[in-house]
Structure formats: C-alpha cells, structure tokens
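Hydrogens, waters and symmetry mates are skipped; everything else that's a heavy atom, side chains included, is used.
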Amino acid sequence: MASDKHLLLIDGNSVAFRAFFALHSQINTFINHNGLHTNAIYAFNTMLDVVLKAFTPTHVLVAFDAGKTTFRTAKFSDYKGQRDKTPSELSEQFPYLRDLLAAYGICAYELADFEADDIIGTLAQKAAAAGFTVDIVTGDRDLTQLATESVTVNVTVKGVNQLEAYTPAHVAEKYELTPRQIIDMKGLAGDTSDNYPGVTKVGEKTAIKLLKQFDSVEGIYENLDQLKPSKMKEHLEADREQAFLSKDLATIRQDAPLTIDLTDLVYQGRDVPALRDFYQEMDFNAFLSKLADPETEQARAAIEFQELTAVSVPAVLAGFTGPVAFYLEMLDTNYHTAPFAGFVIGQQGQWYVSTDVKLLQLPQFKAFLADPQQPKLVFGAKRTYVGLNRLEIPLAGIQFDLLLVSYLLNPNDSGNDLGKIAQLHQYREVATDEEVYGKGAKRALPEDPQVLYQHLAQKALAIEQLQPQLDQQLEANEQDGLFKEMELPLAIVLAQMEIAGIRVDQARLNVLRKDFAQRIETLTKKIYAEAEEEFNINSSKQLGVILFEKMNLPVIKKTKTGYSTAVGVLEQLKQIAPIASDVLDYRGLTKLQSTYIDGLLKVIDPDDGKIHTTYLQTLTATGRLSSIDPNLQNIPVRDEDGRQIRQAFVPKTEGWQIFAADYSQIELRVLAHISHDANLQAAFTEGADIHASTAMRIFDLKDASEVTPNMRRQAKAVNFGIVYGISDYGLSQNLGITRQQAKTYIDNYFREYPNVKQYMADIVTSAQKYGYVETLFHRRRYLPDIHSKNFNLRSFAERTAMNTPIQGSAADIIKVAMLNMQKALRDQHLQATMLLQVHDELIFEAPASEIATLEQLVPQVMDAAVKLEVPMKVGYGSGPTWYDVKKG
DNA sequence: CAACTCACG
DNA sequence: ACGTACGTGAGTTGT
C-alpha cells in the first residue's frame, strides 16, 4: 500500500525565511528569557505540526543549505549575489531549529557544495522509484519542477501554515507548462532573486508562449530560424549562452552524492520530555501546555463511563451521595438556539452519559435537577440553566461553577473553554472543544459517539477534580462571598432576564429602515456629485484617496495604514468641504441601518417576537457584563436618529410599560467613597451638579453662576479623565487643548481634591506591591505589567490600577442591586420583569398598574444595594417604548 | 483575520 | 523622552 511509505521533505532554509517574515511584525514579542529571537522557531514549529498532521508521513527529512558556496556559484560567481544578508535575528535561530527537529525525531541534513533543493530533488527521485508517496514543503516556487504523479510540491502561501499543492495538473493549470518546463521557463526568463539573467526582455509570459510552441530551451534554439525577424529573436540569438547557463542553474539536481539513505529518514515521533525542555527554554508556553505527556494521554483514554438509559435513571440517581457534576453540551455559543449534543452526570469515577436529553425530562431526573438540596457542580451555571429551561426543567442547587470561579480567580483568563480553563489550573486530562469538535466551519460532533462520551466524562471529572483546589483559592483570596453571594446567584438572574427577552416591534423597524434608506440614497448621490465620481463610501481607504488626493484636502491625522477619516477628522474638514459633512451623515445612517435595523431584525426569535441576548458574565477584566448576539448594551441614545431605534423596544403585552432606572454618577461616587476625599464627598452630599462643582474648583470661581457651559463641559471631561487614570496628553486630546492647559486643569483638580490624588498614588503603589488591585467586593485584577520596563505597558497598567477599582466596584454594586431587585419583585408578587442591564441602568417591563410601585421600589433597592460614604442617586422613568422613557 | 469605524456605559 | 485616556461588540473592507 502506498500510504505505508510516505516521505515528507521540508526545505528548511526557505521555510525558516517564510516563518521569520510571517511573524516579523511581532519580532519584539518573540524573545525568550535569554534574549534569543524565537519568531521563526515558533512559526516553523506551527508549520511542522500542520504538515505532520496533514501528511502523516512515515519518513521525514528537513534539508538545509550547507553554506554560501555551491557548485552553482562555481559556475556563475554572481549566483544569488544580490541577496540581502540574512538578518542576524534569523541566523541566530537556526541552531535552535536543529534542536527542535531533534526533539521531533526528524532528520536534518545538509551537504557541502549543494543547496537544500538538490538534496530534496535527489531524495524525491529515489523515494518515488522505491514506491513512496512524496510531499515536499517549501517557500520556493522553483521546486514545482519536481512535481510528478507521486511527488507533490506544497508551496507556502500567506505565512507558513497554508500550503498550495502543486501536482503536475496544478502546474499545468497555473503556468500551462509541465513541471520540467518550469526549468526552461527559468532559463529564458531568469530569476531576479537568485540573480541569474536569462534572455533579455523575456519574462514569464513570453517564455511560456515560446515553450508552448517549442517545448524546451533546446527546442527553441534548434528552431530559431522559424521565428520571424524581431527584437525578441535578436535577443534570443544574443543571449544563447546565458539561456543555457540559466537553465542549468535553475535545474535542481537529482543525483547529489548524498551520504544518507531513505532508511535514515524514518520518522521517530516526538520525544516529549526533550520537547518540553525545549519549549521551556524558548518560553513557548502555549506549545508547552498543549504538549500532552504519556500519562495524560492515558488518563484521557482511560476514563470509564456508562451510557444512560431510561430504565437505569432512577437507580443511578438514587445511588449518588453528595455533590454531583453535571454538564449539558451545546456546541454553538448561542445556547438559546443551539442543538443539544448530549450530557454527563456523575461523581467519583461513576460517569453516566447520553445524547438523549429527553432522559432529563423523566420525573426523577427533573426532580433531581430541581432539588435545591442536591448539590451540583457545573461549568457555566447560566448556560446550563437556560439550556435546561428550554427542556422545561428547572435547575437549582448549584454549588460550584468552574467557569465562574476560574473567572473570579483571574478575570484576565477570559476563555470559556473547559479544557483550556482546566489547563490554566494545571489539570491536563481534558481535551479542548477545538480538539474534539474542530473549529470554524468544520466544527461538528465526532462521528464516533464514544469520542463525544469520553470528552463529556472528562469534562465532568475535571469539574469535580478542580473544585476543592479552586474553592480553597477563593477562600484564600477572600472571594468566596463574591462567588456564592454575588456571581452564582446573579448567573440565575441573568439567565431569567435572557429567557424573558425583550419584545421588538418589527413594523416600527421596517418604517425606520425605509426612511433611512431614502436618506442614504440621497446622500450617496450628493457625495458622488461632490467627488465627481462613484466610489465605495464605506471604504475608508477609497474615501481617503478621494478626500486627500483627488480633492487635496488637508491631512489631519494618519493611521498605521493610511489617512484617517475618523469622525474627529471629518468634523474639522466640514468647514472647508461640504462632502465631509455628508460623509458623516452617510456613515451615521448606514451604521444605524446595518448594525441596528438589519442587525436586530435578524435576531428576533420567530417563536415569540422577542430578542434574547446573551450576557457574558465571565469576560471583562473589570467585572462588568457584556452582551452579545445581539449587543443590547449599545443601542443608540445620544443622537435623535439613532435614538428612534428605541421606539422598537416595547413591552410584551398591550397596556404594559417600559420602566428604566439608572445610577447617577456612580463611578464618581465610588471614587468619593474609596478616596475619602472630603471635597468630592461634600459635592455629592450637598446634591450639587458634580461637573459644575468641579468647574468652580478647577477654574477658581466664587459662585456657581460663573460656570459657563464650556467650563462645565471641560470639567466633565476632567472628571471622566480622573476615572480613567488621567494623563495630560489624554485630556488635551479629548478637549482639543494644549498639553500645558490640560496639565493645569489636572494640577488644579488634585489641589482641590487632595485625597483623590493620594488615592491614585496609593493604588499604584499597592498594585506594585501585591501585583493586583481589588474592588469593594474583592473582585481582583492582576496587573503584571505594573513592573514592566516598557513605558507604555507600565503606564497602561498604572491607569488600569486607578480605573479598575472604580469601574469594577460600580459593576459590583449594580449586581447586588439586581439580586435584591429580582428577590423584591418575587416577594411582592409583581408581574414586573427585569429585562436588561446596561452597566449603570436597569430596564423593566410592567403592567401600567405597577409603575407607581416600581417608582418607589426600584430606586429604593438600587439605593440600598451598598452603603457608601456618599449618597446614591437614582433616576427613573417610564413610557410605552424604551424611546419614551425619559429619566428625571 | 486584522484594521478601521462607531454604537454604548 | 517615552505616546495614552477606562470597559465593551458588531459591521465592513481588504489582505
């Protein structure tokens, strides 16, 4: 069988070059602890993994160039003469590539006087004759001349992980030539990178034309007299010698005097301990954690499980004592609609699996899941709750959530894959979903259900195994309360909000769509007229060319890749060019159209006419929620056009109302609390307009009446800046003032609020000392860059240290309010339903008759969520749609 | 898949 | 001197 003998030949130098330049932009991040550059090694390793998996070879060799001089330089001293010197950042990596290959059990070989190509050509020939299938991997298209029915030449495209396979058929398709004619083409056209000439004025196109007629260089010269007199004929005659020399140089040798044989190339397989040492030396942590040791492989394979049946359910459930791990698998991230793939339940080596989720609906099982006295260990309480709810199964009694706890221990590790999270905690016996299900379009259930079952059982085991250790860490961090009393119960509240969903008035969206479409149409025509040509207005690149090259408008800002056409830039151009103003209007309307009108229409659940978002409870580094699919936390409000979108968000029932309440200035109040600043606290205690109050102080005014709207605006920006971890540069950019002016504002601010200044200094010191910062409720964020030598990274970490306790504590507070709110609604038997959270705001729907109650209850609950050294302030309002809610 | 732009707090 | 505001998600273009 041909697949018994499969030889993989890798062109080491050319692939290493490709690898180096593929990650060239990140050259400064790929440096190990000894200062060695590792980008080429890293990318080479990735390539190796890809090709070993793709080709499953029995024999492998990586060929390298032996040195600068070869038989080719002897024939033509300028061969490769114009090549730039290999960068030292790359050449220093070659010896380590050899180490990598040794650890992979792959033969590396070079031969004096010959290039890697010739080694490959010779071995390919030998192997093909011996009945091997041969795959060559290279970055060099010249090697396509080696393609035959049994030899495929795989050329890297875009980096090194994608390969284009050149079979003789593919060569014919691309060049209209046979592989051997590639050599003739090179002879005629020459090669600038290898620096040999070919025939003057003959390039690829002409060469191909000639070869189609005369087959080879030899054929052309034998039949030269058939050609009509032309410049080309003259050149061919004149450069005869060069053509034959070039063809000779381009010819890859298939008879190099190798000192090794095919039997030396048997693929040994990876030496895992050696590879582990190597990865440690290179600081390749991702590879390191992927590196399964034999024990792990065995543990992964060894787990025992039983397939659950309807008959066995009662006995199995009755047999459990104490906490039980439960995991419900849904492959899609959107668990509101994802099909169920299966589930696992069990404890202490007893694992029961099934793909039949109807089993969960058996009375005993349903009662088991609903029993608050039966402790459950899960991964993703919210997801599990929503999934079971779709099966009309209530879930209670969750004691541990691996996903939530892992997030609380380190919110920077925001992955949501069980396998990856387990690895973060040094547990490697469970595969990642990507390993089992694949990714992207290829994501699917394994063909063999046993593979799925094993994966599910491994997941349940991982949850059970990791619980004690993670619980202990929670306690050590004083975070057990944060988990048990805040995040875990919140997961259920969020699940209920997602399930409730919010009703959307499709007809209203369609009316808006028509209106916007008409205005977009008009603007498009106007812009084309002003530009005097049609182009894609959505393309900032094309727009840049029109504005700054064709119309010669002044370039105000550049981005990495070209002209900036961001709002700020167009705002400035408005004065001199009406097109800028029209583009801004166009952008605004197309944004609304595609993101909000079309976007929202797409995600309305046809069954109930509602939108069910998904809150990500374990994503942000600060403790805030985020909302996806769709994002309901960024529905337009600032501009009237966009705000109209909110007219489509309506109560589920006729005669009901939307009610919303928000915290006023919660972040500045938190700052006043944690900094104990008397002046800032006084402003809130007195119920002052905080931005006006800041304006009075930083502009040295005696009376509130002296505050102009512009002063207030600037003071507001300063207040924001303070919360974000201020810098004079940032403030100056935001306000369009000089850095000097910005600095004066900040100095004045700190003079007026000295304890705020103290807090900012102290929190940075504390972050340096402990390596993390905390919120009021012990939410933690690690800041490793606080010690960085890199100014940027360090500064960023310092600003984060200042901002996270503020933003994070505000997030804690509204979470407490949500828990208390849900309980209050239930205790008071209200029909009112909490639907959405937008960081400092809660949105409800309720019968009109309950609005008066909510106007009392909601602000009171939000107010009482936490006791700060300053009062809270809550605004609220209601109306027939979200648009009509005006808070006061 | 990255970059840009823009919606929200 | 360094070169930035904090936290998000989604649509589009273009390599």
Side-chain angles (χ1 to χ4, degrees), chain A residues 25 157-159 161-162 411 414 440 535-544 557-570 583-584 586-600 602-603 613-616 619-639 641-643 645-646 662-663 665-667 717-735 739 742 746 781 788-808 810-811 814 836-841:
Chain A
S25 59
V157 285
K158 281 197 213 167
N161 299 325
Q162 244 179 296
S414 61
F535 65 103
N536 185 346
I537 312 169
N538 291 326
S539 162
S540 23
K541 201 176 159 198
Q542 292 181 34
L543 179 63
K557 211 170 106 195
K558 290 201 137 195
T559 66
K560 262 187 268 179
T561 48
Y563 312 106
S564 168
T565 63
V567 183
V569 174
L570 296 181
V583 169
L584 280 173
Y586 171 92
R587 280 219 184 126
L589 288 168
T590 51
K591 169 83 178 177
L592 294 177
Q593 195 76 299
S594 60
T595 304
Y596 296 102
I597 306 280
D598 296 343
L600 290 175
K602 253 185 276 180
V603 291
T613 186
T614 299
Y615 288 106
L616 300 183
L619 180 126
T620 72
T622 55
R624 276 190 175 183
L625 301 175
S626 88
S627 157
I628 59 166
D629 214 10
N631 182 356
L632 292 184
Q633 292 183 317
N634 71 346
I635 302 302
V637 66
R638 292 168 191 168
D639 297 322
D641 276 333
R643 193 173 189 139
I645 306 278
R646 294 181 174 224
D662 67 359
Y663 284 112
Q665 305 300 346
I666 188 169
E667 294 193 343
V718 173
N719 280 331
F720 270 101
I722 291 293
V723 169
Y724 294 155
I726 202 158
S727 75
D728 51 7
Y729 182 87
L731 183 63
S732 74
Q733 287 295 298
N734 190 283
L735 282 176
R739 233 170 123 157
I746 294 166
R781 180 176 185 179
S788 175
K789 286 191 299 183
N790 180 316
F791 176 87
N792 278 331
L793 292 179
R794 193 177 64 249
S795 302
F796 192 20
E798 288 167 2
R799 292 196 297 273
T800 309
M802 301 182 220
N803 172 262
T804 294
I806 301 172
Q807 191 183 118
I814 196 165
L836 302 174
Q837 187 251 45
V838 191
H839 308 307
D840 63 357
E841 177 182 18

Check your understanding: Quick one: L632(A) CG to dT8(C) C1', roughly how many Å, whole number?
Key -> 14 Å
Check your understanding: Nearest to the side chain of N734(A), which nucleotide is it out of dG9(B), dG3(C), dA5(C)?
Key -> dA5(C)
Point to revise | Touch class at under 4.0 angstrom, heavy-atom based, for A811(A) against every strand present | key: nothing
**Study point:** Per K602(A) side chain, nearest of listed nucleotides dG9(B), dG11(C), dT4(C)
**Key:** dG11(C)
Review point. Would you say the side chain of T620(A) lies within less than 4.5 Å of the side chain of L625(A), judging by non-hydrogen atoms?
Key: no
Check your understanding: Does OP1 or OP2 of dG7(C) have a side-chain N or O of R624(A) closer than 4.0 Å?
Key -> no
Practice item. Just call it for D662(A): base, sugar-phosphate, or nothing, with non-hydrogen atoms closer than 4.0 Å on any strand. Key: nothing
Study note, to complete from the structure: Taking dG9(C), dG3(C), dA5(C) as options, the one with an atom nearest any side-chain atom of F791(A) is dG3(C)
Point to revise | Stacked pair F796(A)-dT4(C), distance under 5.5 Å, angle under 30° | key: no
Exercise for review: Remember a base hit wins even if backbone is also touched, and classify T804(A) as base, sugar-phosphate or nothing at under 4.0 Å, heavy atoms.
Suggested key: nothing
Revision key, fill the gap. Of dG7(C), dG14(C), dG9(C), the nucleotide closest to the side chain of T800(A) is dG7(C)
Review point. Does a distance-only test, which skips hydrogens and angles, find a donor-acceptor pair under 3.5 Å between the side chain of Q807(A) and the base of dC6(C)?
Key: yes
Review point. Base, sugar-phosphate alone, or nothing: which one does N790(A) contact when heavy atoms must sit under 4.0 Å apart?
Key: nothing
Check your understanding: Side chain of N631(A): nearest nucleotide among dC6(C), dA10(C), dG11(C)?
Key -> dA10(C)
Review point. NA contact type, T565(A), heavy-atom cut-off 4.0 Å: base, sugar-phosphate, or nothing?
Key: sugar-phosphate
Exercise for review: Under 4.0 Å between any heavy atoms, over every strand shown, what does L731(A) touch: base, sugar-phosphate, or nothing? Just pick one.
Suggested key: base
Revision key, fill the gap. Side-chain contact check for S594(A): nearest option of dT12(C), dC8(B), dT5(B) is dT12(C)
Check your understanding: Under the 3.5 Å rule, do the base of dG7(C) and the side chain of R781(A) count as making a donor-acceptor pair?
Key -> no
Practice item. Determine the contact category for A797(A): base if any of its heavy atoms lies under 4.0 Å from a base atom, sugar-phosphate if only primed atoms, P, OP1 or OP2 are that close, otherwise nothing. Key: nothing
Review point. Q542(A) side chain: which of dC8(B), dC6(B), dG14(C) is closest?
Key: dG14(C)
Check your understanding: To the nearest 0.5 Å, what is the distance between CD (Q837(A)) and CG (D662(A))?
Key -> 12.0 Å
Check your understanding: Which part of the nucleic acid, if any, lies within reach of I628(A) when heavy atoms closer than 4.0 Å are counted: base, sugar-phosphate only, or nothing?
Key -> sugar-phosphate
Study note, to complete from the structure: Checking N1-N3 plus N6-O4 or O6-N4 for Watson-Crick, or N1-O2 and O6-N3 for wobble, each under 3.5 Å, the partner of dT13(C) is dA2(B)
Review point. At under 4.0 Å between heavy atoms, what does E667(A) touch on the DNA or RNA strands: base, sugar-phosphate, or nothing?
Key: nothing
Point to revise | Options dG9(B), dG3(C), dA5(C), nucleotide nearest the side-chain atoms of A717(A) | key: dA5(C)
**Study point:** Minimum-distance nucleotide to S626(A) side chain [options: dT8(C), dG9(B), dA3(B)]
**Key:** dT8(C)
Check your understanding: Base, sugar-phosphate, or nothing: which does I635(A) touch, judged by heavy atoms less than 4.0 Å apart?
Key -> sugar-phosphate
Practice item. Mark yes when over 12 heavy atoms from residues, nucleotides or ligands other than F535(A) sit less than 6.0 Å from its CZ; otherwise mark no. Key: yes
Check your understanding: NA contact type, L616(A), heavy-atom cut-off 4.0 Å: base, sugar-phosphate, or nothing?
Key -> sugar-phosphate
Review point. Applying a 3.5 Å limit to both distances, which nucleotide forms a Watson-Crick or G-U wobble pair with dA1(C)?
Key: none
Review point. Which is true for G721(A) with a 4.0 Å heavy-atom rule: it touches a base, it touches only sugar-phosphate, or it touches nothing?
Key: base
Point to revise | Nearest-neighbour nucleotide for the K591(A) side chain, dG9(B), dC6(B), dT8(C) considered | key: dC6(B)
Practice item. Identify whether any heavy atom of R638(A) sits under 4.0 Å from a base atom; if not, whether one sits that close to sugar-phosphate; answer base, sugar-phosphate or nothing. Key: base
Review point. So what does V723(A) hit on the nucleic acid, given a heavy-atom distance under 4.0 Å: a base, only sugar-phosphate, or nothing?
Key: nothing
